Protein chains: 2
Amino acid sequence: MRNISKEDYLSAIYKNIDSNSKVKANVIAEKMDVSNAAVTDMLKKLAKESLIIYEPYKTIKLTPTGESYAKNIVRRHRIWELFLHQIVGLPWDKVHDEAENLEHSGSDELINRMEVMLNFPEFDPHGDPIPAIDGSIPKQRDSVSLSKLKEKECGLVVRVNDFSQNFLVYLAQIGIELKQKIEVKEIRSFDNSMLVLIAGNEFNISKTLADNVFVEIVKN
Amino acid sequence: MRNISKEDYLSAIYKNIDSNSKVKANVIAEKMDVSNAAVTDMLKKLAKESLIIYEPYKTIKLTPTGESYAKNIVRRHRIWELFLHQIVGLPWDKVHDEAENLEHSGSDELINRMEVMLNFPEFDPHGDPIPAIDGSIPKQRDSVSLSKLKEKECGLVVRVNDFSQNFLVYLAQIGIELKQKIEVKEIRSFDNSMLVLIAGNEFNISKTLADNVFVEIVKN
DNA sequence: CTTTTATTTTAAGTTAACTTAACTTTGTGA
DNA sequence: TCACAAAGTTAAGTTAACTTAAAATAAAAG
C-alpha cells in the first residue's frame, strides 16, 4: 500500500453503495471534500486498475477485487477504532478521526495482531460491523432509526450514524451508548422531537438526533 | 500536520546532525533514497519556512523551531516503537518499519496517552532516547561499540545502531538484547571478528556486527 | 416531447515532490 | 597550488492529485 488517496476513494465508494450497489460520483465528491472533476479523474484511474467498473455518466460499481480491497480498508479503520477505544482508552468521540489517519498505516500483521488482542471483535465503537480477514461481514441485528419508534416503545442502541465530535459528546452526556436502553415517552408532532427515558433520566431530543441513533426494538 | 515529506526530511536532518550540528545534503539524499536535486529543492522550502538555515553550498543547520519540530517527530516514532513492542507485542525487528509509517499519524493526544500507558519511558526498543514533550532528552549511559572492547572485557548492551530485520533477527537468535551481558573471549586480529560469551553460550561475531552493538563497559 | 435543472465530464492550468542531465562550487591529494 | 573528484545546485521535465470553467449528458417537470 501507499496509495492513500486511492484507498480513500475506494472506501468512500464502498461505504456509499446503496441497496442496488450503485454510487453517485456526486456523493463521493462531497464526502471527500473535493471537486466533481477530481472524482472523475480518479474514477478513470481506478477503472484502469480494474478496481471499479466505470463508463462515463454511468453509476459506479466495484469489481470483486475493488470490493475486497475496500473492505480491507474499512476493516483496518474499524479495528483501529476499537483498539484505540478499548486498549488505549480513547473516548468514542475521538476514535473516528484518529482512525481516519491510521487506517492507511500499519502492516496487515499489525492489524491482525490487534484483532487477536481484541478477541476477534464483530463491531466497532459506533456499532458498525468489522469485516473479517476473509471478507465476511458480521450480521447486524435488525435495527431502525430511533425516530421511527412510537410512543411507549423501547429500543436498545446498536449503532450510530454520525461520527462527529459534537454529536457523540452530546450522546455521551445524556447517557446514550451502545446497548443502552431507551424508552420513548412522548412524541411532539409539531417538530417530531421526542421525550425519552435513558437510565432513569428524561431528555428531550430532536428529530435530527433521533434519526442518527439506531436501535433494536425490544419489549419494555 | 500532513506534511509527511517535510517531516521525513526534518527528522532525517535531525538524526544525522554530527557533533558540530552540521549535516551534509548528500547523506540525507542517501537515507531518504532520493536524488540530491530533490534534497536541494526541499531545503529551499524548509528554509523558506524558517525550519532550517540554508545557504547554497553550506552545510545545513536546524533553527530552534526546526529542531523542536524534528524532535517531536522522533518522539512520535520512538513512542510508537515502544508501544508496539510492549503493548502490542510486536518483535523488536518489526517495530522500526511499522513506526516509520505510523509516526506521521496519531494526534498529540494519542501519543501522550501512549506515553502515559508506557509510564513515561526513556528509551525505545533499540536503546535510543525518547524526547519528552518539553523537548528534553534522557541522558544515555556512556557506551562504546562492542568492537572496541578488548579481550576479557565485559559490556551490557544499551543500544543498537542498525534497525534492519536481518540484523535484529540475528541478534535475537544469538541472545543479544538490551541489558544483555556480553563477554569478549577472543579477538581474531586478521579479520577483527570476536568470540563472545552471551548467556552461557559462545558465538563468533563479525566486526561489522560488533560495530553496530553498543555496550556500557562493566566489570566481569 | 421539450425545456430546465442537475449531474458528470472535458479541458486547461496549478502545486508538491520528485527525476535526469548539465553545470558550479568546494575541498583534497599529489 | 592546482587539477580534479565529490558534493551541491540549477534547469527542464514528469506525475499524482487537485482546481475552475465550460461543455455534454441525463433526469425531471411541465
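As the structure is a computational prediction, the values presented were derived from the model and not from experiment. The sequence lines fix the lettering, A, B, ..., with proteins before strands; numbering per chain opens at 1.
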Q | Residue that, paired with B:Ser147, satisfies side chain to side chain donor-acceptor pair (under 3.5 Å) out of B:Asn212, B:Asp211, B:Asn192 | A |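 The option that passes is B:Asp211.
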Q. Can you list the steps and then say if B:Ile133 with B:Arg75 is a side chain to side chain contact (heavy atoms under 4.5 Å, CB included)?
A. CA-CA 8 Å; B:Ile133 200 165; B:Arg75 169 180 155 80; 3.9 Å; yes
Separation of [X] atom [atom1] from [N] atom [atom2], in whole Å?
X	N	atom1	atom2	result
B:Ile52	D:dG8	CD1	C1'	13 Å
A:Ile4	D:dC18	CD1	C1'	15 Å
B:Asn16	D:dA7	CG	P	14 Å
A:Lys6	D:dT15	NZ	P	13 Å
B:Lys58	C:dT24	NZ	P	19 Å
B:Ile28	D:dA6	CD1	P	20 Å
B:Asn3	C:dA17	CG	P	7 Å
B:Asp8	C:dC18	CG	P	9 Å

Q: Just say parallel, tilted or perpendicular for the rings of A:His96 and A:His126, cut-offs at 30° and 60°.
A: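 Perpendicular.
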Q: Using the side chain to side chain donor-acceptor pair (under 3.5 Å) rule, take B:Asp124 and B:His77 through it: C-alpha gap first, then chi angles, then the decisive distance, then the call.
A: CA-CA 9 Å; B:Asp124 77 8; B:His77 178 96; 5.8 Å; no
Think [X] has a side-chain N or O under 4.0 angstrom from the OP1 or OP2 of [N]?
X	N	value
B:Lys24	D:dG8	no
B:Lys44	D:dT10	yes
A:Tyr9	D:dA16	no
B:Ser5	C:dC18	yes

Q.
From C-beta outward on B:Asn26, which listed nucleotide comes closest to its side chain: D:dA7, C:dT7, C:dA17?
A.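 My answer, after comparing the listed nucleotides, is D:dA7.
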(Q) Quick check for you: among D:dA17, C:dT24, C:dT8, whose closest atom lies nearest to any side-chain atom of B:Tyr57? (A)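 Out of D:dA17, C:dT24, C:dT8, the nucleotide with an atom closest to B:Tyr57's side chain is C:dT24.
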Q: Scan for salt bridge (charged side-chain N to carboxylate O under 4.0 Å, His left out) pairs involving residues 90-101 of chain B, sequence neighbours excluded, and state none if there are none.
A: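 Residue pairs with at least one partner in residues 90-101 of chain B: A:Glu109-B:Lys94.
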(Q) Filter on salt bridge (charged side-chain N to carboxylate O under 4.0 Å, His left out), then keep only pairs touching residues 29-55 of chain B, sequence neighbours left out; what's left? (A)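 Residue pairs passing salt bridge (charged side-chain N to carboxylate O under 4.0 Å, His left out), neighbours aside: B:Lys6-B:Glu49.
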Q: Could you list by number each residue of residues 31-43 of chain A showing a heavy-atom separation from DNA chain C of less than 4.0 Å, or answer none if no residue does?
A: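 Residues of residues 31-43 of chain A that come under 4.0 Å of DNA chain C are, in numerical order, A:Asn36, A:Ala37, A:Thr40.
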Q. Start at the 5' end of DNA chain D and walk down; is the nucleotide closest to B:Pro56 or to A:Pro56 reached first?
A.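 Going by which nucleotide is closer to the 5' end, it is B:Pro56.
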Q. Going through the checks in order, is the side chain to side chain donor-acceptor pair (under 3.5 Å) test met by B:Ser164 and B:Asn166?
A. CA-CA 6 Å; B:Ser164 66; B:Asn166 273 341; 5.8 Å; no
